[in-house]
Amino acid sequence: MPTIYSANRSSVLVNGTAIEGLQSLVYRVVTERQDVRAIGTDERVDVIFGLRTVQGELVVQSANTELDTHLTDRSKFQIVANLKRDEAEGAKRTLSFDDCFIEGKSFSLSSGGSVSTTYTFTATRAREE
């Protein structure tokens, strides 16, 4: 049976402060790779791995002044996501993103009248505990 974490019970912190109005956190780990070709054949014989980067997005209802400040100042910060299954001492998981920088910001106003801001970030590493 899979462990299902609840977004309502979980929290995401930037430098220890909860992100109010957080709608979503999405990230991906990308590793550069190069195929090593065999001479005289069309198959690879090995793979060489290179730089590993973390790319992510935080979608916030309205906006977040702390993230705006990090974008303006080009300052480094940490994101910690505390994932929980339920209120009781159930399953827990912590995702940590180290040495983050905001790379971009996009603003959206929907016809329903809600405003959301998407902050794109990069991190040196993502750790899961």
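Just so it is clear, the values below take in all heavy atoms, side chains as well, and ignore hydrogens, waters and symmetry mates. What you are looking at is a predicted structure, and each value in this text was computed from that prediction instead of being measured.
- Applying the side-chain contact (heavy atoms from CB on, under 4.5 Å) test to S111 and every residue at least two apart in sequence or in another chain returns nothing.
- Connection of F101 to I79 is not established within any shared hydrophobic cluster, with ILVMFWY side chains joined at heavy-atom distances below 4.5 Å, either directly or through further cluster members.
- Taking hydrophobic clusters as Ile, Leu, Val, Met, Phe, Trp and Tyr residues chained together by side-chain heavy-atom distances below 4.5 Å, L95 does not share a cluster with V59.
- Under the rule for a side chain to side chain donor-acceptor pair (under 3.5 Å), S96 has no partner lying at least two apart in sequence or in another chain.
- Of all heavy-atom pairs spanning R93 and Y5, the tightest one is CB-OH, 3.6 Å.
- Within the hydrophobic cluster formed by Ile, Leu, Val, Met, Phe, Trp and Tyr side chains joined at under 4.5 Å, directly or through other members, I39 stands alone, with no partner residue.
- A distance of 8.5 Å separates CD1 of I102 from CG of N64, quoted to the nearest 0.5 Å.
- Residues passing the side chain to side chain donor-acceptor pair (under 3.5 Å) test with S108, sequence neighbours excluded: none.
- Side-chain atoms of T117 come within 3.5 Å of backbone N or O of S62 as a donor-acceptor pair.
- Interatomic distance, CZ of F121 versus CZ of F77, reported as 7.0 Å (0.5 Å rounding).
- Applying the side-chain contact (heavy atoms from CB on, under 4.5 Å) test to A7 and every residue at least two apart in sequence or in another chain returns nothing.
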request  = Using the side-chain contact (heavy atoms from CB on, under 4.5 Å) rule, take T124 and V54 through it: C-alpha gap first, then chi angles, then the decisive distance, then the call.
outcome  = CA-CA 6 Å; T124 301; V54 179; over 6 Å; no

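- Atom OH of Y119 and atom CG of L58 lie 9.0 Å apart (nearest 0.5 Å).
- In this structure, the salt bridge (Lys or Arg N to Asp or Glu O under 4.0 Å) partners of E129, at least two apart in sequence or on a different chain, are R127.
- Interatomic distance, CZ of R44 versus CG of D46, reported as 8.5 Å (0.5 Å rounding).
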Expected list for residues 14-31: side-chain donor-acceptor pairs under 3.5 angstrom, two or more places apart:
from: N15; atom 1: OD1; to: Q78; atom 2: N; distance (Å): 3.0
from: Q23; atom 1: NE2; to: G21; atom 2: O; distance (Å): 3.3
from: Y27; atom 1: OH; to: E128; atom 2: OE2; distance (Å): 3.1
from: R28; atom 1: NE; to: Q55; atom 2: OE1; distance (Å): 3.4
from: T31; atom 1: OG1; to: R52; atom 2: NE; distance (Å): 3.0

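- F107 belongs to a hydrophobic cluster whose remaining members, ordered by chain and number, are L109, V115; membership requires side-chain heavy atoms of ILVMFWY residues under 4.5 Å apart, directly or through intermediates.
- Residue E103 qualifies as enclosed at atom CD: its count of foreign heavy atoms under 6.0 Å is above 12.
- Annotation: side chain to side chain donor-acceptor pair (under 3.5 Å) contacts of R33 (sequence neighbours excluded): D35.
- Nearest approach of K84 to K92, heavy atoms of both residues: CG-CG, 4.4 Å.
- A continuous path of hydrophobic side-chain contacts links V12 to L71 [ILVMFWY only; heavy atoms under 4.5 Å].
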Chi angles and distances behind the side-chain contact (heavy atoms from CB on, under 4.5 Å) call for Q61, S116 = CA-CA 4 Å; Q61 191 173 23; S116 66; 5.7 Å; no

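- For the atom pair CZ of F97 and OG1 of T122, the computed distance is 12.0 Å after rounding to the nearest 0.5 Å.
- Each salt bridge (charged side-chain N to carboxylate O under 4.0 Å, His left out) pair with one or both residues in residues 63-75, not counting sequence neighbours, appears once here: D68-K105.
- Under the side chain to side chain donor-acceptor pair (under 3.5 Å) criterion, T120 pairs with no residue at all, not counting sequence neighbours.
- A distance of 14.0 Å separates CZ in R9 from CG in L83, rounded to the nearest 0.5 Å.
- The side-chain contact (heavy atoms from CB on, under 4.5 Å) search around I4 returns none, not counting sequence neighbours.
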